[in-house]
Amino acid sequence: GEWLVEENAGGASARFREQGGADALVLVCDRANRALTLSRAGTTAQPQRFRIAIGMKKADVMMAPGGALGLTATVDGTQPIFAALSVASS
């Protein structure tokens, strides 16, 4: 797959697109609302906890059914793992 990064007046987004062309993971930063939304392909009847790890940084995210990919969460952009995304798009 590949990462696609876009910036616009309202914020920025990063998509991981699988080789078949479908988005598997999408991060969207909304500047006006200072919100970071994470969407993941999949289905679940109830919210589920996912652990995201990049190097030594980790965060638990509760993802609920919804959104275009099937699972969505608004995450705390102040967590160290997400802070770099927030700074990059502010």
Side-chain angles (χ1 to χ4, degrees):
E2 64 181 337
W3 280 99
L4 305 170
V5 178
E6 298 177 11
E7 285 191 61
N8 60 42
S13 66
R15 301 173 179 275
F16 182 76
R17 186 161 289 163
E18 295 178 338
Q19 287 181 335
D23 289 340
L25 181 70
V26 178
L27 292 163
V28 177
C29 178
D30 179 343
R31 280 191 185 115
N33 296 316
R34 301 194 54 81
L36 183 63
T37 304
L38 173 65
S39 299
R40 180 185 181 279
T43 59
T44 183
Q46 297 183 2
Q48 287 187 325
R49 182 180 314 273
F50 287 83
R51 171 151 290 179
I52 298 171
I54 300 173
M56 298 298 292
K57 296 179 179 157
K58 297 179 178 79
D60 288 332
V61 176
M62 289 299 292
M63 300 197 74
L69 297 182
L71 299 171
T72 189
T74 299
V75 299
D76 178 1
T78 64
Q79 292 186 55
I81 196 168
F82 300 117
L85 297 171
S86 298
V87 170
S89 63
S90 55

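Just so it is clear, the model here is predicted, and its values are computed rather than measured.
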Distance col, row Thr37:OG1 vs Leu27:CG, nearest 0.5 angstrom, shows 9.0 Å
Rounded to the nearest 0.5 Å, the CD atom of Glu18 sits from the CD atom of Glu2 at a distance of 11.5 Å
Output for pair (Met62 CE, Asp60 CG), nearest 0.5 Å, gives 9.5 Å
Arg40 side chain to Ala73 backbone, donor-acceptor under 3.5 Å
no
Ala53 and Lys58 have their tightest heavy-atom pair at CB-CG, 3.9 Å
Applying ring pair (Phe, Tyr, Trp, His ring centres under 6.0 Å) to Phe50 and not counting sequence neighbours gives none
Note to self: Check for me, please, whether Leu69 and Leu38 land in the same ILVMFWY cluster - side-chain distances under 4.5 Å, paths through other members count.
What the structure shows: no
One should read off an interatomic distance between Thr43 OG1 and Leu71 CG, to the nearest 0.5 angstrom, of 7.0 Å
Tightest non-hydrogen contact, residues Pro47 and Pro65, listed as N-CD, 4.1 Å
OG (Ser13) and CG (Asn8) are apart, to the nearest 0.5 Å, by 7.0 Å
Taking every heavy atom of Gly67 against every heavy atom of Thr72, the minimum-distance pair comes out as N-CG2, 4.2 Å
Minimal heavy-atom distance between Ala12 and Glu7, with the atoms involved, is CB-CG, 3.9 Å
inquiry  = Please say yes or no: joined through hydrophobic side-chain contacts below 4.5 Å, possibly via intermediate residues, are Val75 and Trp3 part of one cluster?
reply    = yes
Exactly one candidate in Asp23, Val26, Leu25 meets side-chain contact (heavy atoms from CB on, under 4.5 Å) with Arg17; the answer is Asp23
